[in-house]
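Worksheet: the structure to be examined is printed underneath.
Below, chain A is the first sequence line, B the second, and so on; all start at residue 1. Both backbone and side-chain heavy atoms feed into the values below; hydrogens, waters and symmetry mates do not.
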Amino acid sequence: MKNKLMIVLLGVFFLGFGLLSSQAATNSLPALKVGFLCVGPVSDMGWNYTEQQGKVYLEKTLAGKVETVFAESVHESAEAERVMEKMIAQGCKLIFAASYGYLEPVLRVSARHPDVTFMQLSRFADKNNIGTYFGLTGEGFYLAGVTAGRMTKTNKLGFVGSHPVPSTLWAINAYTLGVHSVNPKAKVKVVWTETWIDPVLEVEAAKGLIDTGIDTLAFDQSDSLPIVKAAESKGIKVSGCYADVHQFAPKQWLTGPNLNWGPFYVKTCQAVMDHNWKNGVCICDMGSGVLELAPFGASVPEPVRKEVLALKEKIKSGKLVIFAGPIKDSQGAERLSAGQKPDIQWISKMNFFVQGIDGNLPKN
Amino acid sequence: MNIEIGEFLIAVSAGMVRSATPVLYATLGEIITERSGILNVGLEGIMLVGAFTGVAVTYNIHSIVLGLLAAMLVGLLMGLFHALLCVHFNANQVGTGIAMSIFGTGLSAYLGMDYVGKQINALGACKIPVLSDLPVIGPIFFSHDVLVYLTYLLVPLMAFIINRTRIGLTLRAVGEEPRAAAAAGVNVVQTRYLATAIGAALAGLGGAYLSLAYAQGWSENIAAGRGWIAVGLVLFASWSPFRALIGAYLFGGAISLQLRLQAAGLDVSPYLLGMLPYVLVIVVLSISTWRRKNAPSSVPTALGLPYIPQV
Amino acid sequence: MLSGHWQKLRRAGLYALGSLFAVILAFAITAVFLLLVGRDPVAVYTGIYQGAFGDSFSLSETLVAATPIMLCGLGVAIAQWLGMMNVGVEGQLYLGAIGATYVALHCPFSQSWQMLPLMLVAAAVCGAFWSFIPGLLKVTIGVSEVISTLLMNYVALLLVEFLIHGPWEDPNNVSWPQTAAFPACAELPHLFGTRVHLGIVFAIIIALLFAFLLPTTKIGFISRVIGSNPDAAEYAHYKVKRYQLWAMIISGAVAALAGFSQVSAIEGRLRSGLSPGYGYTGFLACWLARHNPIAVIIVSLLIGGLLSGADSLQLSAKLPFATVNILQGMIFFCLLASEQFINRLANSHIVVKDLKIENKKDPPSTVRGEA
């Protein structure tokens, strides 16, 4: 009896599949289909969130001309290559790979699809269809550092770092240089969480730093809220990164870099559509408009605001360069001699702590 | 110098109590569940859904107490569902637990999208008269929130109930010899349902602690593996609430210690320091198992086995 | 009366059919959810099917995703046959990757036939070492292998991070967390011009080998006795502990092959994002397959298809990643719940007693003695 029922149900199942496969959808393609790969959840109110916001801006600005395909939480593993291939099979002609670990998959996929344009974050590739872009948050972190350096009372500052990779080291070093430019006595302490996102561990790391007597916090995890909220409730000044979350720390917020990818995405898409895209390096810094400074918190006094905004203008106009020689690492070795201005290659390979950071970059 | 080391140790210990609490709730819950013979390895998923529910209810109703209760209620429901699969469908308990984790991760992340960045009144620290003012003890154990203090009561209470009361005897009998228990008039099915539900409710509470007390808001995958650690700690504790406390403090203490060693400027790779909690638990477990080598095994005999009433 | 072979076949058929219905049930339940969020379930499911098995590329990617799951699942199964619950295949996978990477970066070979076997051996030795520790702790002191293997996963991942951020850092690409690229001879051959690689052949050979050896050899017989009743095996003077330790060692070595094939064929270097949880998925696959080696292969294939097909939830249906987990959880729930009915159907000709014996094989190793 039961077996007969099963056979009937099985029949229905296969019939259903037959019907399914006859419904092949055919859509008219827009001018350009763009794929976005991001490494974490877009709900992080941080790094991945900014990418999604940029996508939304792109859709609005180039409505009708551009269609987007978005994939979050794509691991930097065998998955990335598969997802990109599927995006291309769907008709994507431009793909933003928004994590440094995507470069190797991008290299392999791009070799198979010379007609597809790839934009790779933070890493270089000498290929005709791969461009490189940098979200150079360092300038924002420098200004946050200046603000923090002016505001600290104990001259002890804390930084909760994720992984010791160049993009994090730009942030920490720029922050420290900013602090030191106005407050040479201050010291920055760094604690690593070894993850990009683990809210509870971040909070505990922040509390560990607070126990050592710091009164100002910064961080570079891809999620923003846990540390900002913990700082607010502990009465510790805090600056953010990536997304503007000042409303979560009304009393303690200082400022921080904000990434606003939208215009950059639009520009790149326009270039690809106009067939004048070239592989090169796009540096998304303050001058380009992608990097912005978050609004100041209520506690930042007017003179400090003025000072920081003036510095921001100098950075924008190129009069102030963050990583300008002489730069010595925390062990005293000279990394950049006086008068030297580094190129993006130098910055992208950063692997040291500048002076002013309490401790060494642990390597072994 | 001595004062500095003293302060350092107090800070580490206070961090230990804080880090241990969410894991401890889940571990205690799992002890109840496993004592009844049901294995629920889905704590990760239950903690996540609990964490989300806590935030959602606290945000909408503006009551943190209701938020915590709702987290427990949702945990309870997930526990009942697990029990349904394990008791009535005789499903493989390990598999069901993993499915529960995967499902809970997805469900909480999906529903939680609307609650990212919502402001809630988080669970704040509260002082206990006299106790909080004690030197050393005060800052370590009595500078936290209500949920931390609750564990101080919960652990002895659970140990008492399990070892000294009729309810505990029933629970243990169901986990050890379900058929004998049934013959003695115990409702095995009902006991297992209840134990799984209560255990999962505690895990839900542990999850709510993560979001309401720690991160002060919802964040996708906020448990980040703590549910799995809790499952492991039950084995560490050999089903004893007091040993669960030790295990959770050991784990939380190692996390707290490694972060503060970094802050103190210890020049060791953070990745090697990060191994500390895991290695420490294995080493301590090995030593304690070795020392109690001839003690009788405390594994609930019928753990993970389906219960088939008549022969 | 039914003959033994026929009965086995009938059983297998019932399992396949029952599982199919369980999956359909899961899809039906999820369809309600999809309708609620305003998506057409038919279109979504077609997308998943197409993305998993629809064309040769999708099929190849399903195989790629399934390969590490197969090897990890077999690793879990081998330990489980002797009553050892190896939750640590994820860590053993990473150790395999470390072993293979050490050889690839440090041995001056230029021929694949020299390089690959050595990488394979190094990977297997490292993975075996990682499972030997919990195995040894279990058989000598009695430390539960469940917790030690679980915790060693985290240690293994941190070890990889330590190596790629420190001593094994790519000298030409300082500070980015990965090793230098392997030489060309360290690349595991690919099949059919796709990303499918020899790893899948290893998995199938291992599965067939064990499917043949377990029921036919004396070692297989003793293993089964130990797995179903360690006390009886002890009584029969079988060397239970030695067998269990070897099971752990082999288990770790097999799981390590997943790591080896992943770094050698897919990544070409060691990186931290090597495994998005293949070990845990393999663990699930093994339990869904009830530790049967052939079934592990089939279940892994289906899970691989689900993983790779589920991309379309994000790419086409524009649903968040969370829905992938929701659908997966649903499918596994239904599969596990359906077992009871299948068992009833399968045993409808046999006395109920069989069911009990069958069930005894399943419980985790922490369970000893008589129920």
In terms of heavy-atom contacts, A:Gly208 and B:Ala263 come closest through O-CB, 4.1 Å
Of all heavy-atom pairs linking A:Pro41 and B:Glu220, the shortest is CB-OE1, 3.1 Å
Practice item. Kindly indicate whether the side chain of B:Met16, heavy atoms from C-beta on, has any atom under 4.5 Å from the side chain of A:Glu204. Key: no
So, the part of A:Val42 with a heavy atom under 4.5 Å from chain B: the answer is neither
When the 4.5 angstrom heavy-atom criterion is applied to A:Asp358 and chain B, the contacting part is neither
Okay, A:Ser43 and chain B: the region with an atom under 4.5 Å from a heavy atom over there is both
Of B:Gly265, B:Ala125, B:Ser219, the largest count of non-hydrogen pairs under 4.5 angstrom with chain A goes to B:Ser219
Could you check whether any side-chain heavy atom of A:Lys229 comes within less than 4.5 Å of a side-chain heavy atom of B:Gln119, counting everything from C-beta outward?
yes
**Asked** In terms of heavy-atom contacts, does OH of A:Tyr242 have more than 12 from other residues, nucleotides or ligands at under 6.0 Å?
**Response** yes
The side-chain contact (heavy atoms from CB on, under 4.5 Å) partner of B:Arg260 among A:Asp211, A:Val191, A:Thr212 is A:Asp211
Discussion item. Before you tell me yes or no, could you show the steps for A:His163 and B:Tyr271 under side chain to side chain contact (heavy atoms under 4.5 Å, CB included), namely the whole-Å CA-CA distance, both residues' side-chain angles and the distance that decides it to 0.1 Å?
Written reply: CA-CA 9 Å; A:His163 286 285; B:Tyr271 297 102; 2.5 Å; yes
Tightest non-hydrogen contact, residues B:Gly117 and A:Leu225, listed as CA-CD1, 3.5 Å
**Prompt:** Should the heavy atoms of other residues, nucleotides or ligands under 6.0 Å from CG of B:Asn121 be counted, would the total exceed 12?
**Reply:** no
Okay, A:Gln247 and chain B: the region with an atom under 4.5 Å from a heavy atom over there is backbone
Highest number of heavy-atom pairs under 4.5 Å with chain A among B:Ala264, B:Gly112, B:Gly15, B:Gly124 belongs to B:Gly15
From the list B:Ile222, B:Leu261, B:Leu266, the residue making the most non-hydrogen contacts under 4.5 Å with chain A is B:Ile222
Contact between B:Gln216 and A:Glu232 at the side-chain level, heavy atoms closer than 4.5 Å - yes or no? no
Heavy-atom nearest pair, B:Leu259 first then A:Trp192, reads CD2-O, 4.0 Å
**OP:** Look at atom NZ of B:Lys118 and say whether more than 12 heavy atoms of other residues, nucleotides or ligands are closer to it than 6.0 Å.
**Re:** yes
Counting heavy-atom pairs under 4.5 angstrom with chain B, the leader among A:Thr195, A:Leu201, A:Asp44 is A:Leu201
